[in-house]
Amino acid sequence: MALVRKIIAQSTVDGPGNRTAIFLQGCNIRCAYCHNPETQAMQDAEAKEMSVAEVMTEVRKGIPFIRGITVSGGECMLQAEFLTKLFQAVKALAEEVHHPLTCLIDSNGTVPFARHPQLMEVCDGVMLDVKAWDSETYHLLTQARNDEVVKENLAWLLQHHLLTEVRIVCLPKRVDVEVILQNIAKIFDSIGEKAPARLLRFRPHGVIGELANHPMPSDEQMAEYAALAASLGLTATVK
Ligand code: SF4
């Protein structure tokens, strides 16, 4: 069983193509710019306990229009055992209906993927948020101290060809975007593998707290980040 906050039957913004997006309840960090603060609590009256079979009933409805599923949160890796069973069921369904389905994870990277080999066997990729590089900046932004795990996950996923995309929320003066890009490029170079980077413009919509009225970075600022990424040899898209 997992605590599910919501399921979007067909989403085009949660990974490549049309996908069923499943949002699990509960997160282990507290990002100041969180767009889904209602998913942070480990329990919530709006969330529903669902079995793999119940979630699969929703996934089946998307066949043949979906390319797969993406599980997000909150932090979905906090319910890794459920994810393993869900992904196994999706792969079995793909065989049954002769329709390829990929299983992606959208994660803040604070749970070590290497400790979940069975899950990684049936996972097609991870979209990994890199929130900050410097530990203090990470702590100020997330109230957490697990940034080293994120970096270890970045390298591990890349080595295992499971890094679908690195995501960076661009919030000038609060997030060290330039430093993140430089360090990601270093890791890519040292491993000899690459993954696309997605530069997400901070948007105050849905954000509560001190950043609720914070301005979005300008087009010029986003273009500067993209230019830096390109100069570092990264394939980056701005969203
Ligand atoms: S990791 Fe995601 S769900 Fe958790 S607090 Fe940060 S933005 Fe919100």
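Each ligand, and each atom within it, is numbered from 1 in the order the structure gives.
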In ligand 1, the atoms that come under 4.0 Å of a heavy atom of N108 are 1 (S)
Would you sort out whether R5 and N36 count as a side chain to side chain contact (heavy atoms under 4.5 Å, CB included), showing the intermediate values? CA-CA 10 Å; R5 181 73 197 201; N36 302 311; over 6 Å; no
Short N-O contact, E38 and K6, less than 4.0 angstrom: no
Taking all heavy atoms of P215 and all of F202, pick out the closest pair and write down the distance. O-CD2, 3.7 Å
Checking Q159 side chain against I191 main chain: does a donor-acceptor pair fall under 3.5 Å? no
Could you tell me whether ligand 1 has any atom less than 4.0 Å away from a heavy atom of N36? no
Please report which non-hydrogen protein atom sits nearest to atom 8 (Fe) of ligand 1, along with the residue it belongs to and the distance in Å to one decimal place. C34 SG, 2.3 Å
Provide the number and element of each atom of ligand 1 under 4.0 Å from a heavy atom of C31. 1 (S), 5 (S), 6 (Fe), 7 (S)
With no hydrogens and no angle check, do the side chains of Q10 and N18 hold a donor and an acceptor under 3.5 Å apart? yes
For E75 and ligand 1, answer yes if some heavy atom of the residue is under 4.0 Å from a ligand atom, otherwise no. no
In the protein, what heavy atom is nearest to atom 3 (S) of ligand 1, and what distance, to one decimal place, separates them? G74 N, 3.6 Å
Determine, for E96 against R60, whether the closest basic-nitrogen to carboxylate-oxygen distance falls under 4.0 angstrom. yes
Is it the side chain, the backbone, both or neither of H35 that has a heavy atom closer than 4.0 Å to ligand 1? neither
Kindly confirm whether atom 4 (Fe) of ligand 1 is within less than 2.8 Å of some N/O/S atom in C27? yes
Would you call D219 and R201 a salt bridge, using N to O less than 4.0 angstrom? yes
Ligand 1-proximal atoms of K131, by part, heavy-atom distance under 4.0 Å: side chain
